[in-house]
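Heads up, the thing below is written out as structure tokens.
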Amino acid sequence: MAGDGDGRAGLPRIAVVGAGIFARTQYIPRLREIAHLVVLKAIWSRTQESAKAAAELARDFAPEIECKWGDAGLEEIMGDCSIMGVAVVLPGQVQVELSLKMLKAGKHVIQATTEAETALSVYNSFPNQFPYKPIWAVGENYRFEPAFVESSKLIKDIGDMMHIQVIIEGSMNSSNPYFNSSWRRNFVGGFVLDMGVHFIAGLRMLVGSEITSVSSISRHVDMALPPPDNICSLFQLENGCAGVFVFAVNSRSPKLLWRVDGTKGTIEVERGVDSGKHGYQVLFSGENGQCQKKFYPFCGVNEELKMFVQDMLAASKDGDHEAEPRSSYVEGARDVAVLEAMLESSAKQGAPVQVKRFP
């Protein structure tokens, strides 16, 4: 580990692989906020032009950032022993393959989740050729949003769960920067899978009980979107409680709501805006009938990146250190498994499907 000549000697160095919308609008701003914890050494894209454009956005806090592009650039990142970790921010069809290459080269990796079972078996079969097992973390997941962290602590206060509602009415229309994303349109499951894993992560974090089975119906209503664009699912938790998951990729009246009703109270988490800040409103109604409200601004990506840096440093000192459970790839695999079961059930006209389990 080395510094950039600006007093940050000893900080770990990372690379960002990908220079698309999310890398530019989310990862670079969040890395700027934690520049006192980590050095952004390089950014990679398929083309020199896009790599340079993205690097310029980070130049103010990473003055020595290097541009990498093409296959040669990837090889340089994998071969650079000063780069401890890599944020893979690429289309779903290629990100897992590239993440596995980076892990095999000894790099710690943080990425979004799109596929699971095969990738996990490959990762677990890697020979023990490093003094540590590379961390494989899941980024962009709601388990790090303070609203879900705090709500999960309140769940015990609502008594026995009676039922759960998750209502997701998205706003994926032509004004959304991801609307024309070609990889999401050529992706099995389309926006339902790509967007849905985040909402399932929030649900699982909130209730603290695994989803065991689902029965779903999906439809293709909006022809401007890839199929399916609507899904309604009945699910059951391992604690016996049932709930409904209703997801429309695009709606005229966007709404994101998680509600758990219990014998002693209710918890609601709803997307909203407060004093110009986007985030989540948490409502807790207890036995005394009083309703407590608190607003939590978005900061999940920031928190998960900070945890990724901590995990990298811990792994360098303790070869047996594993990713913080909330960001472990296994948790991401469990999110994906729920959506895949819902899509499988829909293909079987709503027949019940057991959700694949991961140890």
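Please read these numbers as outputs of a predicted model, since none were measured by experiment.
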**Message:** Could you work out, with salt bridge (charged side-chain N to carboxylate O under 4.0 Å, His left out) as the rule, every residue matching K255, not counting sequence neighbours?
**Reply:** E270

**Message:** Using a 3.5 Å distance criterion without hydrogens, assess whether the side chain of S152 forms a donor-acceptor pair with backbone atoms of V149.
**Reply:** yes

**Request:** Kindly assign one of parallel, tilted or perpendicular to the pair Y142 and H198, based on the angle between their ring planes and the thresholds 30° and 60°.
**Result:** parallel

**Joint cluster assignment, M307 & V309, ILVMFWY side-chain distance < 4.5 Å** = no

**Min side-chain heavy-atom separation I164-L206 under 4.5 Å** = no

**Item:** Closest non-hydrogen atom pair between A323 and S327, with its separation
**Value:** CB-OG, 4.1 Å

**Heavy-atom pair of closest approach, residues L37 and P12** = O-CD, 3.4 Å

**Request:** Kindly check if the number of other-residue, nucleotide or ligand heavy atoms within 6.0 Å of CZ (R59) is above 12?
**Result:** yes

**Request:** Just do the side chain to side chain contact (heavy atoms under 4.5 Å, CB included) check on V16 and L31 with the steps written out, would you?
**Result:** CA-CA 10 Å; V16 171; L31 287 168; 3.7 Å; yes

**Asked** With no hydrogens and no angle check, is any side-chain donor or acceptor of S233 less than 3.5 Å from a backbone partner on V214?
**Response** no

**Asked** Looking at G18 and L90, what are the two nearest heavy atoms and their distance?
**Response** CA-CD2, 3.7 Å

**Prompt:** Yes or no on side chain to side chain contact (heavy atoms under 4.5 Å, CB included) for F247 and M342, after CA distance, side-chain angles and deciding distance?
**Reply:** CA-CA 11 Å; F247 179 18; M342 288 180 178; over 6 Å; no

**Request:** Measure across V138 and Y329 and return the closest heavy-atom pair with its distance rounded to 0.1 Å.
**Result:** CG2-CA, 3.5 Å

**Message:** Apply side chain to side chain contact (heavy atoms under 4.5 Å, CB included) to residues M102 and I77 and explain how you reach the verdict.
**Reply:** CA-CA 9 Å; M102 292 292 169; I77 289 173; 4.1 Å; yes

**Asked** Applying the 4.5 Å side-chain criterion to the ILVMFWY set and letting contacts propagate, would F298 and I21 be lumped into a single cluster?
**Response** yes

**side-chain hydrogen bond (donor to acceptor under 3.5 Å, both in side chains) assessment of E49 paired with W69** = CA-CA 9 Å; E49 182 183 16; W69 60 89; over 6 Å; no

**Request:** Give every residue pair that meets the side-chain hydrogen bond (donor to acceptor under 3.5 Å, both in side chains) criterion with at least one member in residues 201-213, sequence neighbours excluded.
**Result:** R204-E210, R204-E331, R204-D335

**Message:** Please check: side-chain N/O of H163 versus main-chain N/O of R259, any donor-acceptor pairing under 3.5 Å?
**Reply:** no

**Asked** What is the ring orientation for F308 with H108, classed by angle as parallel under 30°, tilted 30 to 60°, or perpendicular over 60°?
**Response** perpendicular

**Message:** Just so I know, are the side chains of Y132 and S316 near enough to count as touching, which here means a heavy-atom distance under 4.5 Å?
**Reply:** no

**Request:** Would you confirm whether K107, through its side chain, and I83, through its main-chain N or O, come within 3.5 Å as a donor-acceptor pair?
**Result:** yes

**Message:** Show every salt bridge (Lys or Arg N to Asp or Glu O under 4.0 Å) that has at least one partner inside residues 25-38, sequence neighbours left out.
**Reply:** R30-E33, R32-D60

**Message:** Rounded to the nearest 0.5 Å, what separates atom CG in L283 from atom CG in L154?
**Reply:** 11.5 Å

**Prompt:** Mind checking whether F245 and F235 have ring centres under 6.0 Å apart?
**Reply:** no

**Message:** Has S346 got a side-chain atom pairing as donor or acceptor with S218's backbone, closer than 3.5 angstrom?
**Reply:** yes

**Message:** Can you tell whether the side chains of E66 and R13 come within less than 4.0 Å, N to carboxylate O?
**Reply:** no

**Asked** What pair of heavy atoms forms the shortest contact from W136 to S99, and how long is it?
**Response** NE1-CB, 4.1 Å

**Asked** Hey, any chance V246 and V221 share a hydrophobic cluster, counting ILVMFWY side chains that come within less than 4.5 Å of each other, even indirectly?
**Response** no

**Message:** Quick check: do M161 and L237 have side-chain heavy atoms less than 4.5 Å from each other?
**Reply:** yes

**Asked** Quick one: CD1 on I267 to OG on S285, what's the gap to the nearest 0.5 Å?
**Response** 9.5 Å

**Request:** Can you establish whether the number of heavy atoms outside R271 located under 6.0 Å from its atom CZ is more than 12?
**Result:** yes

**Request:** Measure from the side-chain N and O atoms of S328 to the backbone N and O of P325, and report whether any donor-acceptor pair falls under 3.5 Å.
**Result:** yes

**Prompt:** Restricting to pairs with a member in residues 73-83, which pass salt bridge (Lys or Arg N to Asp or Glu O under 4.0 Å), not counting sequence neighbours?
**Reply:** K41-D80, K68-E76

**Request:** Could you tell me the separation between the NE2 atom of H321 and the CG atom of L313, rounded to the nearest 0.5 Å?
**Result:** 9.5 Å

**Message:** Could you see if F284 belongs to whatever hydrophobic cluster contains F295? Use Ile, Leu, Val, Met, Phe, Trp, Tyr and a side-chain cutoff under 4.5 Å.
**Reply:** no

**Prompt:** Just wondering, more than 12 heavy atoms not from N288 lying within 6.0 Å of its CG?
**Reply:** yes

**Prompt:** Which distance, rounded to the nearest 0.5 Å, do you find between the CZ of R357 and the CZ of R334?
**Reply:** 8.0 Å

**Message:** Within this structure, what is the CG-CG distance for the pair N250 and D229, rounded to the nearest 0.5 Å?
**Reply:** 8.5 Å

**Prompt:** Under 4.5 Å between any side-chain heavy atoms of V338 and F199, yes or no?
**Reply:** no

**Request:** For residues F148 and Y296, determine if any side-chain heavy atom of one lies less than 4.5 Å from a side-chain heavy atom of the other.
**Result:** no

**Asked** Has E322 got more than 12 heavy atoms of other residues, nucleotides or ligands less than 6.0 Å from its CD?
**Response** no

**Request:** For the pair D274 (side chain) and G279 (backbone), establish whether a donor and an acceptor sit closer than 3.5 Å, ignoring hydrogens and angles.
**Result:** no

**Asked** Under 3.5 Å, is there a donor-acceptor pair between the side chain of E145 and the main chain of C299?
**Response** yes

**Asked** Do L203 and I211 have side chains that get closer than 4.5 Å, going by heavy atoms?
**Response** yes

**Asked** Are V269 and I167 joined in one hydrophobic group, where the rule is that I, L, V, M, F, W and Y side chains link up if heavy atoms are under 4.5 Å apart?
**Response** no

**Complete:** CG of N230 to CZ of R219, rounded to nearest 0.5 Å, is 6.5 Å

**Message:** Between L98 and L74, is there a side-chain heavy-atom distance shorter than 4.5 Å?
**Reply:** yes

**Prompt:** Can you list the other members of the hydrophobic cluster that holds V244, where links are side-chain heavy atoms under 4.5 angstrom apart?
**Reply:** L234

**Message:** When you measure from the side chain of S345 to the backbone of A351, do you find a donor-acceptor pair of N or O atoms at a distance under 3.5 Å?
**Reply:** yes

**Prompt:** Under the side chain to side chain contact (heavy atoms under 4.5 Å, CB included) criterion, do W258 and M205 qualify, and how do the steps go?
**Reply:** CA-CA 11 Å; W258 295 254; M205 179 71 182; over 6 Å; no

**Message:** Going by the rule ring pair (Phe, Tyr, Trp, His ring centres under 6.0 Å), which residues pair with Y27 if we only count those two or more places apart in sequence or in a different chain?
**Reply:** F22

**Asked** Are L11 and V38 close enough that some pair of their side-chain heavy atoms sits under 4.5 Å apart?
**Response** no

**Complete:** Shortest non-hydrogen pair, I135 vs D311, comes out as CG1-O, 4.1 Å

